> 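Sharing a structure, written as structure tokens. Questions coming.
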Amino acid sequence: MRQTVTIDQAEIDRQLSLCDQVRALLDRRPGQKTAFVDTYGCQQNEADSERLRGYLARMGYAFSDTEEGADLVLLNTCAIREHAEQRVFGNVGALSHTKRRHPEQVICVCGCMARQEHVAKRLKQSFPYVDLVFGPQLLWKFPQLLLQKLTTGKRVFETDDVPGSVAEGIPVVRQNSIKAWVSIMYGCNNFCTYCIVPYVRGRERSRQPEDILAEVKELAQAGYKDITLLGQNVNSYGKDLDLGVDFAWLLEQVNQIPGDFVIRFMTSHPKDASERLFDVMARCQKVAPCLHLPFQSGSSRVLKAMNRRYTREHYLELVDQLRARIPNVVLTSDVIVGFPGETQEEFQETMTLIEQVRFDALFTFIFSPRKGTPAETLPDPMPKEQKSANFQALLQRQNEISGEKHRAYIGQTVRCLVDGVGTDGRLTARTPGGRLIHLEGEEALIGTWQQAKITDSSTWALFGTVV
Ligand code: SAH
Ligand code: SF4
Ligand code: F3S
């Protein structure tokens with residue numbers, strides 16, 4: 001197994017001084033320089049973008065919300081499904097026009113796609129105006145890579161498979177002043193046979209507990225109200241540290257930090273979820289009464305082919321154990337329809353599982369073959385039309401279940417955190433369990449906990465008024 005590389009503070013300090021050199025270079029041309037950071041994919045990528053913005057701010061960039069006219073465009077990409085990749089290629093293609101109108105524009109592509117050989121090759125050959133490409137393991141080195149591009153004028157491609165790193169001390173510009181992401185670990189060791197993440201994000205590595213706790217403390221003091229601990233499989237936190245700590249322990253520590261905030265975490269892998277974790281969740285006041293526990297398939301045969309290392313029965317047992325401790329827990333999940341070789345009977349097992357569990361919400365995906373993963377080359381006889389029909393049937397049934405679960409809130413008064421204003425002009429709020437409420441009330445309430453009377457509901461959300 002490869003070693004985790006710890007990037008020490010002296011190295012980050014060096015990167016920060018390179019930020020100052022970039023700033024000096026940029027200052028030679030008049031006017032405020034702007035950067036547009038476009039993020040695809042999961043919360044981990046959102047969290048990474050906040051650190052990239054931290055570096056960019058240190059370089060003197062202000063942030064723009066469009067690529068048009070920006071001096072620097074940074075696409076932080078996702079490779080999880082083909083659709084995500086196509087969107088990125090479409091948007092990179094469109095940048096040829098903005099760059100023509102603004103030839104000084106520097107175009108950077110980073111994130112999970114950048115670590116795929118075929119993608120790096122395509123960017124190199126077919127998108128000559130892309131200036132800088134680097135994988136997620138080299139995020140800490142962004143100032144150096146950008147300075148290299150700016151001083152040599154040559155394109156920079158740093159997409160090799162380097163060992164995963166943990167870097168502390170990179171500045172952060174957060175997107176939100178109420179909710180915050182905190183990565184507690186990086187990478188993944190699980191190699192689910194359909195998944196690209198272990199190949200592009202490297203092996204699992206945990207941050208030191210004191211670094212995580214210091215960050216959460218800082219957020220709590222700054223008034224953040226909703227803190228989400230992030231990792232591809234948070235339940236394996238600490239396994240690589242030799243400190244005798246685990247995720248349940250970390251949750252308890254975070255729970256003891258003073259402040260009026262709720263703690264969420266994602267994602268949990270069922271193979272490592274335990275009664276010990278559920279006990280801690282039930283005991284810790286600040287830990288939200290919700291769990292995102294992807295099941296991926298209701299068929300034990302398919303789960304085995306996916307290398308998930310649990311069975312349908314074990315999954316259902318976990319749900320029972322959790323509900324025994326937190327009866328009203330909000331349960332959400334991910335599922336893949338049409339894994340290669342999934343039969344119609346096996347798909348029906350997924351249908352019966354959602355019937356049995358009655359998730360509050362479900363993220364449904366059609367299998368998308370990823371280059372280099374074991375599932376890419378498995379025989380896949382089910383016609384596309386059948387997969388689509390199955391997908392629609394699953395979605396429809398889940399929507400009914402979500403709708404029914406939401407209807408049960410009508411008439412109740414629930415605690416919620418007001419977090420913004422929606423496109424309809426109403427406030428948006430979240431229950432501790434994470435359900436969305438469209439709320440009638442004053443904008444001044446944003447960032448505060450309120451009691452909301454639920455008056456109506458839909459498949460996706462609740463509607464209510466502040467009481
Ligand atoms: N680490 C998380 C998942 C991250 S990816 C976990 O293990 O739960 C988010 C979701 O994307 C996965 O749960 C899975 O449902 C889906 N997914 C991943 N690879 C996929 C693929 N090749 N095709 C379709 N869906 C996929
Ligand atoms: Fe992918 Fe599986 Fe790792 Fe999740 S646990 S990131 S699905 S390999
Ligand atoms: Fe996508 Fe990478 Fe996240 S592939 S889902 S951005 S870990």
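Every number for a ligand or one of its atoms is a count from 1 in the order of the listing. Because the structure is predicted, anything quoted here is derived from the model rather than measured. We count residues from 1, following the sequence as given. Hydrogens, waters and symmetry mates are skipped; everything else that's a heavy atom, side chains included, is used.
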> Just by distance, with hydrogens left out, do E82 and Q86 show a side-chain donor and acceptor under 3.5 Å apart?
yes
> With atom 21 (C) of ligand 1 as the reference point, say which of P369, S368, S333, P270 has the nearest heavy atom.
S368
> Between Y194 and ligand 1, which residue portion shows a heavy-atom distance shorter than 4.0 Å: side chain, backbone, both, or neither?
both
> Is atom 2 (Fe) of ligand 3 under 2.8 Å from any N, O or S atom of C78?
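Within the cut-off used here (under 2.8 Å), C78 places no N, O or S atom near atom 2 (Fe) of ligand 3.
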> Looking at E210 and K217, is any side-chain nitrogen of the basic one under 4.0 Å from a carboxylate oxygen of the acidic one?
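No salt bridge links K217 with E210.
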> Taking atom types as modelled and ignoring hydrogens, do the side chains of T332 and D360 form a donor-acceptor contact shorter than 3.5 angstrom?
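Side chains of T332 and D360: no pair found under 3.5 Å.
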> Show which atoms of ligand 3 fall inside a sub-4.0 Å distance from at least one heavy-atom site of R201.
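Contacts of ligand 3 toward R201, numbered from 1: 2 (Fe), 7 (S).
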> Looking only at side chains, do D419 and T428 share a donor and an acceptor under 3.5 Å apart?
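Yes - a donor-acceptor pair under 3.5 Å links their side chains.
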> Is the closest side-chain donor-acceptor distance between N190 and Q232 under 3.5 Å?
no
> Below 4.0 angstrom from a heavy atom of C195, which ligand 2 atoms are there? Numbered from 1 as shown, please.
1 (Fe), 6 (S), 7 (S), 8 (S)
> Taking 4.0 angstrom as the limit, do K371 and E376 come out as a salt bridge?
no
> Provide the number and element of each atom of ligand 2 under 4.0 Å from a heavy atom of F191.
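Near F191, meaning under 4.0 Å from one of its heavy atoms, ligand 2 has 8 (S).
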> Would you say the rings of F89 and F127 are close, in the sense that their centroids are separated by under 6.0 Å?
yes
> Mind checking whether V197 contacts ligand 2 via backbone (N, CA, C, O), side chain (CB onward), both or neither, at a 4.0 Å heavy-atom cut-off?
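Looking at V197 and ligand 2, just side chain atoms fall under 4.0 Å.
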> Between Y409 and R435, is there a cation-pi geometry (under 6.0 Å to ring centre, at most 45° from the normal)?
no
> State whether F365 and R81 meet the cation-pi test: NZ (Lys) or CZ (Arg) under 6.0 Å from the six-membered ring centroid, and within 45° of the perpendicular axis.
yes
> Any idea which part of P198 is under 4.0 Å from ligand 2, heavy-atom wise: side chain, backbone, both or neither?
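It is the side chain that touches ligand 2; the backbone stays farther off.
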> Specify the protein heavy atom at minimum distance from atom 4 (S) of ligand 3: its residue, its atom name, and the distance to 0.1 Å.
A79 N, 3.2 Å
> May I ask you to identify, for Q232, whether its side chain, its backbone, both or neither come under 4.0 Å of ligand 1 on a heavy-atom basis?
both
> Taking atom types as modelled, is there a side-chain donor on Y237 or N235 under 3.5 Å from an acceptor on the other?
no
> Heavy atoms only, cut-off 4.0 Å: how does Y194 contact ligand 2, side chain, backbone, both, or neither?
side chain
> Aromatic ring centroids of F247 and F265 under 6.0 Å?
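So the answer is yes for these two rings.
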> Which is closest to atom 7 (S) of ligand 3 by heavy-atom distance: Q44, Q232, Q116?
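It is Q232 that holds the nearest heavy atom.
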> Could you list which atoms of ligand 1 come closer than 4.0 Å to a heavy atom of P294?
8 (O)
> In the protein, what heavy atom is nearest to atom 6 (C) of ligand 1, and what distance, to one decimal place, separates them?
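Here the nearest protein heavy atom works out to T267 CG2, 3.7 Å.
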> Going by the atom numbers of ligand 1, which of them fall below 4.0 Å from some non-hydrogen atom of F367?
23 (N), 24 (C)
> Starting from atom 2 (Fe) of ligand 2, what is the nearest protein heavy atom, named by residue and atom, and what distance separates them?
C192 SG, 2.3 Å
> Given I336, D334, N190, V337, which has its nearest heavy atom closest to atom 9 (C) of ligand 1?
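Considering heavy atoms of I336, D334, N190, V337, the nearest to atom 9 (C) of ligand 1 sits in D334.
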> Per the side-chain hydrogen bond (donor to acceptor under 3.5 Å, both in side chains) rule, which among T98, D71, D131 passes with Q105?
T98
> Give me the nearest non-hydrogen protein atom to atom 2 (Fe) of ligand 3 as residue plus atom name, then the distance to 0.1 Å.
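Protein heavy atom at minimum distance: C112 SG, 2.2 Å.
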> What protein heavy atom sits nearest atom 15 (O) of ligand 1, and how far off is it?
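Minimum-distance protein heavy atom for atom 15 (O) of ligand 1 reads Q296 OE1, 2.7 Å.
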> Whether K286 engages the ring of F261 as a cation-pi pair (distance to the six-membered ring centre under 6.0 angstrom, angle to the ring normal within 45°) should be assessed.
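Pair K286/F261 counts as cation-pi.
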> Within 2.8 Å of atom 3 (Fe) of ligand 3, is there any N, O or S atom belonging to C42?
yes
> Show me which atoms of ligand 2 lie under 4.0 Å from any heavy atom of R308.
2 (Fe), 7 (S)
> Compute whether any side-chain donor of one residue and acceptor of the other, for Q398 and S402, lie under 3.5 angstrom apart.
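The criterion, which ignores hydrogens and geometry beyond distance, is satisfied for S402 and Q398.
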> With heavy atoms only and a cut-off of under 4.0 Å, state how Q43 meets ligand 1: side chain, backbone, both or neither.
neither
> Centres of the F367 and F339 rings: under 6.0 Å?
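Under 6.0 Å, so yes.
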> Would the F63 and F36 ring centres measure less than 6.0 Å apart?
no
> Find all atoms of ligand 1 within a distance of less than 4.0 Å from any non-hydrogen atom belonging to R370, and give their numbers and elements.
22 (N)
> Considering only heavy atoms of C188, which atoms of ligand 2 have at least one such atom less than 4.0 Å away?
3 (Fe), 5 (S), 6 (S), 8 (S)
> Is the closest side-chain donor-acceptor distance between E168 and Q9 under 3.5 Å?
no
> I need the nearest protein heavy-atom contact for atom 5 (S) of ligand 2: residue, atom name and distance, please.
N190 ND2, 3.4 Å
> Check each atom of ligand 1 against the heavy atoms of I366 and keep those under 4.0 Å away; list them by number with element.
23 (N), 24 (C)
> Using a 4.0 Å heavy-atom cut-off, which part of H269 comes near ligand 2: side chain, backbone, both, or neither?
side chain
> Which residue and atom name correspond to the protein heavy atom nearest atom 17 (N) of ligand 1, and how close is it?
R81 NH1, 3.4 Å
> Can you find a side-chain donor-acceptor pair between D161 and Y199 that sits under 3.5 Å?
no
> Between I80 and ligand 1, find which residue part has any heavy-atom pair under 4.0 Å and reply side chain, backbone, both or neither.
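Answer for I80: both.
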> Does ligand 1 have an atom that lies less than 4.0 angstrom from a heavy atom of R308?
yes
> Tell me whether N45 reaches ligand 3 (any heavy atom closer than 4.0 angstrom to a ligand atom).
yes
